[in-house]
Amino acid sequence: MVSNWFIKKVYTVSLESSANEVWNMMSRYNERYVFVTDPENTENLLAYIRNTDMIPLQHDREQMNKAVSELPLHTNLSFVKQEADMLDFFQLFGEEVVVVKSQEGKPEGYLHREDILYSLLTNQSAHTDWIRSLLNSIPMGIIIADLEGKIEDFSSEALRMVRVTPEELRLQRVGELLDPDVFLKVIEHGETVLNYIIVNERIGVLADFCPIRNQQGAVTGATIVLQDLPYIEKMAMEMEYVKNLNTDLQGILSSIYDEILVLDENGILLRYSGNLIKDFWEINKEQLIGLNLMELAHEGLFFSSIVRMVLERKRKVSVTQESRSGKNVLAVGNPIFDDKGKLERIVIALRDITETVLLKEELLQAKKMSEKYKKELEHLRDQQQYSKNRQLIYASEQMEKVMKYIHKIAKTSSTVLLSGESGVGKEVFARTIYELGPRNNNPFVKVNCGAIPETLLESELFGYEKGAFTGANANGKPGYFRMAHKGVLFLDEIGEMPLNLQVKLLRVLQEREIIPIGGSEVVEVDVQIIAATNKNLEKMVEEGTFREDLYYRLNVIPVVIPPLRDRSEDIPLIGLHFLQTFNEKYDRSTQMSQDALDLLESYSWPGNVRELQNIIERIVVTADEDLIEAHHIIPLLKKRKKQFFKQNMNKIMPLKDATRAIEEQLIKMAMDEFKTTSMAAKVLGVSQSTISRKYQEIQEKLSRGEPIGFKV
């Protein structure tokens with residue numbers, strides 16, 4: 001009767017319970033199984049959970065917070081009533097757990113498969129005779145002993161192997177009969193000893209010693225399985241071919257660079273071979289044979305995860321890990337399937353990639369250094385190209401005064417405000433101050449305040465911390481002020497800066513410190529500010545569009561750059577410089593005539609140096625001839641939109657007077673535009689002497705106060 005057996009208590013949880021509650025219950029009661037109840041009927045058991053399922057989840061807080069319904073549940077529950085006979089277990093013998101119910105159908109407890117086997121082997125009732133007959137038919141000897149070595153039961157094959165009668169066997173101790181040291185190791189330490197050879201005057205057997213444990217895990221006895229050595233030898237002889245293959249396989253594996261582990265379909269380590277990875281294994285690998293690597297909770301080894309991934313994904317899986325000794329190991333798990341597609345083996349190849357990782361890191365560092373040097377070389381090349389193409393060329397007295405002033409102020413790190421019309425080359429002057437100053441070995445950072453959207457200008461100037469706002473760079477951004485630390489920050493088009501940012505810029509100029517967006521710590525910056533504008537900041541201050549305090553902070557050292565029309569002596573020099581630059585760039589050999597240079601010098605250049613540069617580049621690119629004449633340039637120049645006529649011609653007048661008036665107006669217009677009589681003559685299509693004579697007459701009329709052109 002089942003009621004005569006030792007039935008273990010059933011501990012239950014609900015589907016809504018957490019994995020953490022399950023583990024606490026297992027730990028508290030030293031229980032291997034916890035059962036899950038039906039939410040609608042708590043006396044109805046739906047499934048059970050093994051402690052081996054919970055062990056891998058211990059270090060994963062997210063997994064331990066999951067509900068029981070999300071855990072791996074075992075639903076193959078079998079039930080039996082207390083009044084059941086031994087023979088009822090024949091159909092349930094293959095089940096891991098059998099739940100025992102009362103007559104009313106309530107769960108009273110459960111029996112584990114090992115408990116059933118032990119009870120069947122040790123029960124002396126007549127109902128188990130068929131079990132004994134079954135065991136006696138097995139061609140191996142089976143002996144069951146208690147803690148003191150007293151033999152409680154045995155099979156008939158065991159009697160044949162040890163050559164004694166049943167009465168003699170019951171009077172002997174296992175240690176005396178077989179080997180006392182091995183039996184003591186099994187009883188005291190709970191070890192399993194397999195394939196132990198025992199040879200003496202009476203017997204010659206191969207023995208397996210296995211401990212018997214109760215529900216608390218304590219050793220209560222031992223099971224010894226005996227095999228005849230002659231029979232084993234015969235089998236070995238028949239498997240000689242297999243042994244030879246195994247030798248060959250071991251030789252092959254030992255010659256492979258990788259270390260190989262072979263596991264069964266459940267993750268139990270069967271064998272290993274290959275080169276051992278030095279300083280990686282923290283335990284003796286021989287101790288792992290026969291253990292399930294998924295249940296191995298040894299710190300520093302990652303086999304639990306890779307075996308689980310291979311079982312779940314049913315394909316090759318690669319995992320890398322760095323050991324505490326600094327070893328980097330690549331593990332590749334390969335599933336092996338039989339002919340029916342069922343998983344049969346798992347082969348794990350381990351490779352020491354420490355050197356590879358180090359080489360990769362060194363390569364990355366080398367690439368970073370290479371990129372750094374490349375950027376520095378490009379920066380130097382750009383600087384040289386910039387200096388070559390944007391150098392200051394002048395001959396006028398006005399520019400000579402400006403340059404002397406710049407040489408004087410460049411020796412300090414004071415704030416400079418460059419003002420001048422658009423296109424006069426304010427950036428060239430800013431770089432000249434930088435190159436002549438004490439900060440020329442540190443960064444020169446240019447910011448065009450009018451080119452950056454107002455919403456982004458603050459983050460570009462002051463930078464931001466990671467996660468400061470949506471869409472921000474994940475690593476944050478230093479900002480232009482920190483990029484220009486110890487160097488020069490050139491704020492072009494400073495008049496375009498919004499008023500709200502003017503306040504922050506003023507604070508930086510006063511305190512020499514910034515606070516990045518999203519940050520809380522103050523960052524000190526050492527930056528020389530050079531600002532530039534083509535607007536009248538004083539007028540903007542009066543209109544309230546520019547802060548007065550910021551204006552005075554910027555206007556420490558003002559530098560006014562004269563427009564090109566006020567230093568006409570510089571125009572031919574600058575034009576020839578650009579001509580040479582673009583000839584080299586486009587592989588041309590274009591030259592410019594004196595008339596063309598005179599025309600350039602006489603033009604007012606509303607776009608200043610930028611306009612002159614653009615026109616020279618256009619001429620070099622589009623000219624069909626190598627010599628550029630004045631008539632090639634005239635179509636490219638902007639015409640002045642002046643109204644020279646004093647009065648519209650709205651009444652009839654003598655044709656001679658009208659012709660003279662138009663002639664005077666045209667000559668006056670040409671001389672105002674081109675300055676020289678030779679150029680005016682070319683434009684009007686007459687001789688220079690004609691223009692010289694008629695223009696002199698016009699000047700004399702004007703000196704006498706007489707009007708020219710149409711009279712009012």
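Quick note: numbers below take in every heavy atom, side chains included, and nothing from hydrogens, waters or symmetry partners.
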Tyr551: what forms a side-chain hydrogen bond (donor to acceptor under 3.5 Å, both in side chains) with it, not counting sequence neighbours?
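Expected list: Glu538, Asn555.
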Can you check whether [Y]'s main-chain N or O pairs, donor with acceptor, with [X]'s side chain at less than 3.5 Å?
| X | Y | answer |
| --- | --- | --- |
| Ser692 | Gln688 | no |
| His485 | Asp526 | yes |
| Arg439 | Phe444 | no |
| Thr545 | Met540 | yes |
| Arg547 | Leu506 | no |

For the atom pair [atom1] ([X]) and [atom2] ([Y]), what is the distance rounded to the nearest 0.5 Å?
| X | Y | atom1 | atom2 | answer |
| --- | --- | --- | --- | --- |
| Ile406 | Lys404 | CD1 | NZ | 13.5 Å |
| Lys535 | Glu493 | NZ | CD | 7.5 Å |
| Leu579 | Ile574 | CG | CD1 | 13.5 Å |
| Ile615 | Phe578 | CD1 | CZ | 11.5 Å |
| Thr590 | Phe582 | OG1 | CZ | 11.5 Å |
| Glu460 | Met483 | CD | CE | 9.0 Å |

Taking 4.0 angstrom as the limit, do Lys694 and Glu664 come out as a salt bridge?
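Looking at Glu664 together with Lys694, the answer is no, because their closest N to O distance does not fall below 4.0 Å.
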Should the pair Trp605 and Tyr603 be assigned to parallel (<30°), tilted (30 to 60°) or perpendicular (>60°) ring geometry?
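Aromatic pair Trp605/Tyr603 classed perpendicular.
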Consider only side-chain N and O atoms of Glu421 and Asn608, and report whether a donor and an acceptor are under 3.5 Å apart.
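Note: Glu421 and Asn608 side chains meet the donor-acceptor criterion.
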Go through the side-chain N and O atoms of Tyr394 and Glu569 and say whether any donor and acceptor fall under 3.5 Å apart.
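Checked: Tyr394/Glu569 side chains show no N/O donor-acceptor pair below 3.5 Å.
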Check Ala410 against Leu436 and note the closest heavy-atom contact, atom names and distance.
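Ala410 and Leu436 have their closest heavy atoms at CB-CB, 3.7 Å.
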